[in-house]
Amino acid sequence: VQYSIFYISDLSYTAYKEKNEMVYRVVHRLSGKPVKNAKVSLYFVEYRNRNRNTSRTLSEEKNTNEQGYVTFPMSDNRRVQVVVSSGKDK
């Protein structure tokens, strides 16, 4: 059995690498306007073969600026999950 968790949200984000950082931009999904003060959380994800489960550890959280941007240092080739929230929207 396989499953996946997903959210229905008015938030959308894009990500790209710039030098030694990952840049995320959060916008309203329908209008495309930047979302300021959205919380962006980065989690390190690790699959544990012995237990056959996946663990998720919070790495860092930051809020977006006026233009909807936030930057994080590049991870060291680890799997990362990004969670974006603003108010009750996630």
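The basis for the numbers below is simple: all heavy atoms, side chains too, and nothing from hydrogens, waters or symmetry mates. Given the structure is predicted, the values throughout are model-derived calculations rather than measurements. Position 1 is the first residue of the sequence; numbering continues from there.
By the rule that hydrophobic residues join a cluster once side-chain heavy atoms approach within less than 4.5 Å of another member, Phe72 and Met74 end up as members of one cluster. Note: the hydrophobic cluster containing Val40 also contains Tyr13 (ILVMFWY, side chain heavy atoms under 4.5 Å, direct or indirect links). Residues Val35 and Val70 share a hydrophobic cluster, clusters being chains of Ile/Leu/Val/Met/Phe/Trp/Tyr side chains in contact below 4.5 Å.
In this structure, the side chains of Val80 and Phe44 come closer than 4.5 Å at one or more pairs of heavy atoms.
One N or O on the side chain of Thr64 and one on the backbone of Asn37 form a donor-acceptor pair closer than 3.5 Å. Distance alone, capped at 3.5 Å, places no donor-acceptor pair between the Arg25 side chain and the Tyr16 backbone.
For CG of Asn20, the number of neighbouring non-hydrogen atoms (other residues, nucleotides, ligands) closer than 6.0 Å is 12 at most. For CD1 of Ile8, the number of neighbouring non-hydrogen atoms (other residues, nucleotides, ligands) closer than 6.0 Å is 12 at most.
The CD atom of Gln67 lies 10.0 Å from the NZ atom of Lys36; values are rounded to the nearest 0.5 Å. Leu11 CG to Arg29 CZ: the interatomic distance, rounded to the nearest 0.5 Å, is 9.5 Å. Note that CD of Glu61 and OH of Tyr43 are 5.5 Å apart. Values are rounded to the nearest 0.5 Å. Considering OG1 of Thr54 and CZ of Arg79, their distance stands at 6.5 Å, rounded to 0.5 Å. Glu60 contributes atom CD, which lies 10.0 Å from atom OG of Ser41 (distance to the nearest 0.5 angstrom).
Contacts of Thr57 classified as side chain to side chain donor-acceptor pair (under 3.5 Å), with partners at least two apart in sequence or in another chain: none. Qualifying side chain to side chain donor-acceptor pair (under 3.5 Å) partners for Glu21, counting only residues two or more places apart in sequence or in other chains: none.
In terms of heavy-atom proximity, Lys39 sits nearest to Asn63 at CA-OD1, 3.4 Å. Contact detail for Met22 and Ala15: the closest heavy-atom pair is CE-CB, 4.0 Å. Shortest non-hydrogen contact noted between Val26 and Ala38 is CG1-CB, 4.0 Å.
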Under 3.5 Å donor-acceptor pairs involving side-chain atoms of residues 82-90, not counting sequence neighbours:
unit_1: Asp89; atom_1: OD1; unit_2: Ser9; atom_2: OG; d: 2.9
unit_1: Asp89; atom_1: OD2; unit_2: Asp10; atom_2: N; d: 3.0

